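Notes follow once the structure below has been shown.
Values in this document were obtained by computation on a predicted structure and should not be read as measured data.
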Amino acid sequence: MSFAKQLAFASALALSSVVPAVAQQDTLTISGGFGPDTEVPDPREGYNGWMSNRLGVTETLMGLDFDLNLYPRLAESVEQSSPTTWRVTLRDDLTFHDGIAVTAQAVVDAITPISEEGAAGHNKRIANLLDLAGISADGDNVVVFETNSPNSAFPWTLSEPGIAVLGGASDEYPINGTGPFIFKEVVPDQLYRVEADEDFRMGTPALKEVSVVFSDDPGTQALAFEAGEVDIVMNYPETDFERIQEGGSVGMSGPTARLFFYTVNAKSGPMSNPLVRKAVSVAIDRQGIVDAALSGVAGVPAGTMFPEGKGWAADIPAVYDMAQAEALLAEAGAVKQGGSWMLDGEPLEIDIVTYSSRASLAPTAELTQAFLQAIGIKSNIRVGEYDASNDAIAAGEADMFLQAWVMTPQGDPGAVLETLLKTDGGSNAGGYSNPELDALLDAGRANFEQEKREEIYREVQEIIAADTALIPVFHKSMLVVSRPGLSGFAVHPTEFYWLTHETKWEE
């Protein structure tokens, strides 16, 4: 039975509290929300590397632990020999899935195309992170990276899943990685399947086969789980998390670095006024959103970009103050008439856009609308696709764009902040521009003293909060539901690490 038919069958079942049927003990079927759209998804292209890294097909030179600390993964060590030169020494026990040894030249061959326009594997986003002037092999086990400018975040960048160490592709190994699982097939937007590499350097994986089946409907995913069609669901619906555990299913929750936040239109419309932005921000009851949209189990209110205790978070509280919101509107020149605010002679009205592929987005937007209405601001909501929402705010056709990003995907704070808020940032759809912030972000990348970098990024977060450059809402916890007995699986803050060779079903 195809997965599409399985989901159709599952959707016809009434919800129950029955634990899903026991599957084979050496296989695992995961339900996920997003899947590759090509049959052989090059890990270097787009965001394909995130799934190949999650499923243990590919590995990176560096990795991130559960506290977001950097550690050598395929690298044995990383040394800086000049402000722009990094020497990466490889471990000596590495082979690709086809049995060929991993050499420095193989790493060079895998990474070079990322920065070459038109090459298979080119990725502008990752190329900007790497900012390479050159890459070369020094013998069999040392890779030399030359960056265009001093970049203290470079070792962290090497944990980016898209910078996968790959061998030569073949019919048998179209994605020739180094991890515990071997790529077998993709059905675009539906299925990603891997099998164990029995010769994996750290031991034969306990699971023989792992499949991820994709659906962007959280309700459909939950029904498939209850029908026994899948063993585990990532990002399980918050509203059903407690009930599903009452029947014996296992619930797992872990804080992540994913932030739900509003990009603001800083170029035109009401949100171009910093006082209005601040008023909107303090009018949002973040704890109320966590309690209602996340059933109180899947997040914490956010006052800044990074979650408390993870990485680089500054001590900036989440403020909810309706009186302060109204005072800020008055300071901005708005006038309240008949319970509604007027600005420049027109009703103060805010257009909110978001997308549908994450269950918490739409209710968060609706609750925001209610909080704004409570102080006399009318707002409108459009829920569509991500690209359409991004285009709308970039074109000045929306005022706030609710989205959800992992804020430290490589562990270092600079990359996402630069992308979202630097004047020339690649994802600065709201057009925010602040020369002081730009200079600090440049300084954070160029400085190699950890204490100084922490100070710089604290100041960056203070500017973001003072100017309401964006509006953080909550830091998300990932909810996972599994049938009983799964071990060697935990929620990682980046969401990029799912499986190891030790992941298994207990007897």
Side-chain angles (χ1 to χ4, degrees), residues 259-289 301-307 312-334 341 343-344 348-354 364-365 367-369 371-372 374-377 379 390 393-394 396 398-405 407 413 416-423 425 427-441 457-475:
L259 176 72
F260 280 57
F261 66 97
Y262 284 103
T263 288
V264 298
N265 179 359
K267 298 178 296 184
S268 62
M271 298 298 281
S272 63
N273 186 324
L275 292 169
V276 175
R277 297 200 296 265
K278 175 67 77 174
V280 168
S281 178
V282 301
I284 298 172
D285 180 359
R286 290 161 174 81
Q287 185 62 57
I289 290 176
T304 188
M305 312 283 285
F306 311 114
W312 305 75
D315 184 14
I316 298 175
V319 177
Y320 171 50
D321 189 329
M322 294 175 67
Q324 182 184 355
E326 299 215 37
L328 286 164
L329 290 173
E331 186 180 350
W341 287 95
L343 183 65
D344 298 329
L348 178 53
E349 191 168 329
I350 292 174
D351 291 321
I352 299 171
V353 292
T354 190
T364 296
L367 288 162
T368 299
Q369 182 181 51
F371 293 134
L372 294 179
I375 64 167
I377 297 178
S379 59
N390 192 69
I393 198 159
D399 303 303
M400 296 167 60
F401 173 23
L402 178 62
Q403 49 188 320
W405 281 40
M407 301 310 294
V416 169
L417 291 171
E418 292 167 16
T419 297
L420 284 172
L421 293 173
K422 201 172 181 184
T423 298
S427 295
N428 184 0
Y432 178 79
S433 180
N434 183 326
E436 182 183 3
L437 188 72
D438 290 350
L440 281 169
L441 290 171
Y457 287 114
R458 278 197 299 271
E459 189 173 350
V460 165
Q461 291 171 77
E462 288 164 0
I463 290 173
I464 292 169
D467 208 24
T468 321
L470 55 71
I471 300 175
V473 183
F474 58 82
H475 299 291

Close side-chain approach of Phe474 to Thr364, heavy-atom, < 4.5 Å: yes
Step-by-step salt bridge (Lys or Arg N to Asp or Glu O under 4.0 Å) determination, Asp467 to Arg277: CA-CA 8 Å; Asp467 208 24; Arg277 297 200 296 265; 3.5 Å; yes
Any donor-acceptor N/O pair, Trp341 side chain to Glu326 backbone, under 3.5 Å: no
Leu348: which of Leu372, Val280, Leu343 passes side-chain contact (heavy atoms from CB on, under 4.5 Å): Leu343
Donor-acceptor under 3.5 Å (Asn265 side chain, Ala398 main chain): yes
Distance, nearest 0.5 Å, that separates OG of Ser281 from CG of Leu328: 9.5 Å
Side-chain heavy-atom pair Met400, Asp351 within 4.5 angstrom cut-off: no
N/O donor-acceptor pair under 3.5 Å between Lys278 side chain and Ala465 backbone: yes
Side-chain heavy atoms of Met305 within contact of Leu417, under 4.5 Å: yes
Passing option when Tyr262 is tested against Val353, Asp399, Leu402 for side-chain contact (heavy atoms from CB on, under 4.5 Å): Leu402
Minimum side-chain heavy-atom gap Tyr432-Val264 below 4.5 Å: no
Side-chain heavy atoms of Trp405 within contact of Ser427, under 4.5 Å: yes
Ser379 backbone acceptor or donor facing Glu349 side chain under 3.5 Å: no
Qualifying residue for side-chain contact (heavy atoms from CB on, under 4.5 Å) with Gln403, from Leu259, Leu470, Thr263: Thr263
Sub-4.5 Å side-chain heavy-atom contact between Arg286 and Thr368: no
Aromatic contact, Tyr457 with Trp312 (centres under 6.0 Å): yes
Flag side-chain contact, heavy atom, 4.5 Å: Leu437 against Lys422: no
Any side-chain heavy-atom pair of Thr468 and Leu275 under 4.5 Å: no
